[in-house]
Amino acid sequence: MNILVINSGSSSVKYKLFNMKDESVLAEGMVDRIGMKNAFITHKAFSKDSENVFKSEMDIPNYEIALNLIMNMLVDNTYGVINSINEITAIGHRVVHGGEYISSSVLITEEVERIIKECFDLAPLHNPPNMMGISACKKLLPEIPQVAVFDTAFHITIPRYAYLYAIPYGLYEQYSIRRYGFHGTSHRYVANKAAELLKIPLTEIKMVTCHLGNGCSITAIKEGKSVDTSMGFTPLEGLIMGTRSGDIDPMIVFYLIDRAGMTPQEINSMLNRDSGLLGLSGISRDMRDIIDSAIKGNERAKTTIKCFTYRIQKYIGAYAACMDGIDCIVFTAGIGENSSYIRSMICENLNYLGVKIDEELNSVNGKLSIISHEDSKVKVLVIPTNEELMIARDTAEIVSENLYIQDHESNLQRS
Ligand code: ADP
């Protein structure tokens with residue numbers, strides 16, 4: 001079974017074709033700058049021990065043309081990996097927001113499309129392009145089933161007392177203002193992988209998963225379910241990120257309007273694009289650059305790293321308190337997977353929880369590993385995330401169930 005995973009963003013479409021027999025990646029790539037000058041495609045086809053790369057600039061005015069291009073690459077004589085598009089069993093789409101309605105991955109029906117559209121207001125930068133990707137695939141490949149995998153779905157289990165903000169209740173009722181949480185597919189993937197690695201059923205572990213990439217979020221997981229997460233109504237809340245501020249006092253916004261004469265749009269842009277690691281350090285949004293500067297003695301870089309790790313320590317402590325202790329901490333995404341320096345700083349104040357890092361084990365980066373001492377009460381793990389594989393697995397599962405139901409129904413009709 002081959003599953004094509006599509007992630008359509010505001011001006012790009014990323015794709016990965018999986019062979020689900022062994023979960024290997026047959027091809028992957030990206031169409032970028034859709035509708036802009038200098039649009040291009042990068043395509044990689046993998047065979048046993050080599051990869052064949054194609055790169056080209058071309059005119060790509062819309063999503064339909066982008067997806068058509070992708071399909072042509074997949075069956076291309078030189079760069080293709082399948083003989084015909086019919087060898088794709090199903091397509092799995094990443095969709096950011098499913099609001100309060102969606103609790104798991106689903107086969108895309110008219111009703112599901114309606115829900116994705118209803119959430120346009122909640123995720124204006126993400127859901128519309130996600131939907132454009134779905135519509136283009138439906139038009140090009142009407143016979144191939146399509147599945148939506150939502151970033152918010154994993155967090156649907158967060159209890160009411162944790163998702164409500166203490167603002168007038170009517171605003172929740174009228175405008176759906178509440179915590180939703182994001183990065184759900186990543187948190188779910190690493191939580192399952194952690195349970196597998198520790199050889200303990202997921203339902204028996206109290207876990208905190210730290211997704212530390214350009215966007216950062218942290219999730220409390222109990223009995224295999226998300227019970228709290230740091231991102232909120234939007235992905236701005238919570239941890240310090242590459243360019244996003246994370247938690248701030250909301251009154252700062254009004255103060256800046258009054259005292260600095262900033263417009264709401266300027267403040268929106270400042271909080272999302274000019275803050276976080278970039279805003280604090282004045283150096284870069286890239287943690288590697290900040291660590292380099294800190295090592296050379298730059299004081300602002302040192303403070304930025306301290307702010308970043310301190311915020312994470314606060315959340316780990318809070319989530320441990322909410323769950324009456326934790327058994328496991330997982331680090332994932334660019335910073336979490338690759339920076340032993342940051343992991344070490346985060347864990348240095350967690351002795352009270354029973355966290356003991358083994359610095360030798362912690363020096364391994366980018367690989368699935370346990371980095372805590374053998375006698376550490378709380379296990380600390382590094383797990384490379386793989387959201388695309390999770391999307392492919394969900395898609396394969398849903399499609400298999402559906403094919404089974406269809407087969408079963410047609411058998412019943414025949415008998
Ligand atoms: P995205 O959220 O865009 O998927 P990634 O998960 O790729 O982002 O993470 C990007 C972040 O990971 C950047 O801040 C980058 O500096 C950081 N990163 C990658 N490798 C390292 C490393 N070796 N040390 C520290 N940070 C790293």
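All values derive from a computational prediction rather than experimental measurement. Each ligand, and each atom within it, is numbered from 1 in the order the structure gives.
In this structure, His97 has its ring center no closer than 6.0 Å to that of Phe150.
Side chains of Thr332 and Glu337: a donor-acceptor N/O pair is present below 3.5 angstrom, by distance only. Judged purely by distance below 3.5 Å, without hydrogens or angles, the side chains of Ser50 and Ser47 pair a donor atom with an acceptor atom. A side-chain donor from one of Ser217 and His187 sits under 3.5 Å from a side-chain acceptor of the other.
For ligand 1, none of its N or O atoms has an N or O atom of Gly213 under 3.5 Å away. Remark: ligand 1 and His211 share no N or O pair separated by less than 3.5 Å (distance only, no angle test). Residue contacts with ligand 1: Met287 is placed with a nitrogen or oxygen under 3.5 Å of a nitrogen or oxygen of the ligand (distance criterion only). Looking at Leu212 next to ligand 1, no N or O pair under 3.5 Å apart turns up.
Nearest protein heavy-atom neighbour of atom 27 (C) of ligand 1: Arg288 CG, 3.7 Å. Atom 2 (O) of ligand 1 has Asn214 N, 3.0 Å as its closest protein atom, hydrogens excluded (heavy atom only). Nearest protein heavy-atom contact of atom 15 (C) of ligand 1 is Asp286 OD1, 3.4 Å. Residue, atom and distance of the protein heavy atom nearest to atom 17 (C) of ligand 1 are Ile335 CG1, 3.5 Å.
Distances below 4.0 Å separate heavy atoms of Ala333 from the following atoms of ligand 1: 6 (O). Atoms of ligand 1 lying under 4.0 Å from at least one heavy atom of Gly215, given by number and element, are 2 (O).
No more than 12 heavy-atom neighbours from other residues, nucleotides or ligands sit within 6.0 angstrom of CZ on Arg285.
When Ser186, Gly242, Gly334 are checked for heavy-atom proximity to atom 5 (P) of ligand 1, Gly334 turns out nearest.
Distance check for atom 12 (O) of ligand 1: a protein heavy atom is found below 4.0 Å.
Counting only heavy atoms from C-beta outward, the side chains of Leu198 and Ile370 approach each other to under 4.5 Å.
Under the 4.0 Å criterion applied to side-chain N and carboxylate O atoms, Asp228 and Lys222 are not assigned as salt-bridge partners.
The side chain to side chain contact (heavy atoms under 4.5 Å, CB included) test with Thr304 is passed by exactly one of Leu278, Asn298, Leu280, Ile291: Leu280.
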